[in-house]
Amino acid sequence: MSSALAEVKSPTTGPTAVGALDTAFIEEARRNLQQHKDKRELSETDLAARISKCTNVQWSGSAVGGFLRSKYGADESSLARCAAAYLEVEDQRLSVGGELAYVRTTVARDIERAVMIAEKLRMIAIISTSAGCGKSRIIAELRSQRNSIGISCSDDLNTRWALAAELLYKLTRDDRRGRSSSLARRRIEEMLIRNGHPTIFVDEAQKIGIACVDYLRQIADQSRCPLIIFGNEQVYEQSGGNAAAHAQYSSRVVARVHISIADLKRSDLRLVAQQLCSKTTVDLWIDIVEAAAKQEGGFRTVKAIIEVAKILFDTVEPTRTQIIHAIQFVKGGAFQ
């Protein structure tokens with residue numbers, strides 16, 4: 001946590017106490033916040049929401065607007081501290097190599113809708129995306145918002161016994177392996193029920209095969225847990241199969257989402273780019289970045305191109321020519 005953020009406290013309800021912070025600090029915070037607002041092209045309401053989320057202190061758009069115009073009648077020192085903390089976090093986030101904030105792209109909304117349907121019906125959602133569509137970030141965000149358990153599949157989990165042991169470890173943090181997968185399964189189901197029927201997220205499901213996925217379906221059925229399966233096109237296609245051996249699995253799928261790189265919308269790519277540059281700058285070259293991103297890499301490629309341009313040309317707002325050079329650097333001769 002930043003030093004500025006650590007000092008943030010809830011706003012006072014009484015008159016302004018300017019002596020709590022040096023007037024020069026308040027003016028600097030006001031100036032920096034206004035520059036940030038102008039550069040990111042944020043409304044006062046959007047800016048207030050971002051400051052509130054960052055500092056866990058609620059501010060309204062009218063309060064932030066009043067502060068920026070030196071007409072805030074309450075505690076300017078508290079708002080200045082929150083503004084400084086927010087700007088410090090933003091500087092760290094927007095530096096080259098930093099993790100971007102979560103944005104609700106159309107991809108994220110499609111996945112959220114599928115998860116919501118599966119949860120309401122306590123059944124299964126199948127989600128397939130190309131690399132670079134933001135799947136991992138979306139999973140992390142969804143899991144942070146709900147009672148859930150997650151499994152990232154690998155070749156080592158391609159047996160029922162291994163899956164049972166992994167689930168037990170996730171539930172208990174006990175790394176001892178049981179002798180019977182059937183006994184382990186009953187214990188898992190009991191624990192899932194006691195834990196409030198958490199949503200089970202399974203990533204890279206193609207690595208464990210349809211039989212193991214069906215084993216997870218059986219556990220989810222008995223414990224009445226929603227099951228969210230992420231995988232490649234193979235997993236997506238199997239979910240619609242009607243082979244008798246897996247009919248119990250496929251018949252419980254209530255939402256299917258498949259998203260390829262070609263499905264990414266320019267508006268989504270722009271949302272990612274605008275976390276790294278101003279809207280005016282992004283509009284200069286979003287078309288060529290879109291072409292590069294849809295060739296390979298998606299959102300990941302957008303971030304890489306912009307950050308490479310910043311490094312190569314030591315700038316925070318790269319030009320179209322600089323972005324073209326960055327694309328050639330990232331893609332080599334592959335990009336036409």
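For reference, positions follow the sequence shown, starting with 1. The figures here come from the full heavy-atom set of this structure, side chains too, leaving out hydrogens, waters and symmetry mates.
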[X] and [Y] ion-paired at < 4.0 Å:
X      : Y      : result
Glu76  : Lys71  : no
Arg137 : Glu141 : yes
Glu112 : Arg104 : yes
Glu307 : Lys303 : yes
Arg270 : Asp283 : yes

- Item | Cation-aromatic face contact Arg30/Phe67, 6.0 Å, 45 degrees |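 Flagged: Arg30 positioned over aromatic ring of Phe67.
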Please give me the minimum heavy-atom distance between [X] and [Y], naming the atom from each residue.
X      : Y      : value
Ala118 : Pro226 : O-CB, 3.8 Å
Ala162 : Asp156 : CB-O, 3.4 Å
Leu68  : Lys37  : CD1-CD, 3.7 Å
Leu168 : Arg187 : CD2-CD, 3.8 Å
Ala108 : Ile138 : CA-CD1, 3.7 Å
Val257 : Ala114 : CG2-CB, 3.7 Å

Separation between [atom1] of [X] and [atom2] of [Y], rounded to the nearest 0.5 Å:
X      : Y      : atom1 : atom2 : value
Phe299 : Leu264 : CZ    : CG    : 4.5 Å
Glu88  : Cys54  : CD    : SG    : 9.0 Å
Ile149 : Phe201 : CD1   : CZ    : 11.5 Å

Any donor-acceptor N/O pair, [X] side chain to [Y] backbone, under 3.5 Å:
X      : Y      : value
Thr281 : Cys277 : no
Asn147 : Asn195 : yes
Thr301 : Glu296 : yes

- Query: When Cys133 is tested against each of Thr105, Asp263, Ile259 for side chain to side chain contact (heavy atoms under 4.5 Å, CB included), which residue passes?
  - Reply: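 It is Ile259; the other options fail the test.
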- Would Thr106 and Asp268 count as a side chain to side chain donor-acceptor pair (under 3.5 Å) if you check the C-alpha gap in whole Å, the side-chain angles of each, and the deciding distance to 0.1 Å? CA-CA 7 Å; Thr106 56; Asp268 290 338; 2.3 Å; yes
Please check if any side-chain donor atom of [X] sits under 3.5 Å from a side-chain acceptor atom of [Y], or the reverse.
X      : Y      : result
Gln218 : Arg185 : yes
Arg146 : Thr199 : no
Ser60  : Ser62  : yes
Ser278 : Glu317 : yes

Sub-4.5 Å side-chain heavy-atom contact between [X] and [Y]:
X      : Y      : value
Met191 : Thr172 : yes
Val213 : Val202 : no
Tyr86  : Leu33  : yes
Cys212 : Asn158 : yes
Ile208 : Leu216 : yes
Trp59  : Cys82  : yes

- Item | Under 4.5 Å side-chain linkage, directly or through intermediates, the cluster mates of Leu121 |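 In the cluster with Leu121 are Met116, Ile117, Met123, Val254.
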- Query: Are Val289 and Val316 connected, step by step, through hydrophobic side chains (Ile, Leu, Val, Met, Phe, Trp, Tyr) whose heavy atoms are closer than 4.5 Å?
  - Reply: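 Different clusters.
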- Task: Can you sort out the partners of Glu290 under salt bridge (charged side-chain N to carboxylate O under 4.0 Å, His left out), two or more places apart, ordered by chain and number?
- Result: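 Glu290 satisfies salt bridge (charged side-chain N to carboxylate O under 4.0 Å, His left out) with Arg266, Lys294 only.
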- Qualifying residues under side-chain contact (heavy atoms from CB on, under 4.5 Å), relative to Arg224, sequence neighbours excluded: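 Arg224 satisfies side-chain contact (heavy atoms from CB on, under 4.5 Å) with Arg122, His197 once adjacent residues are dropped.
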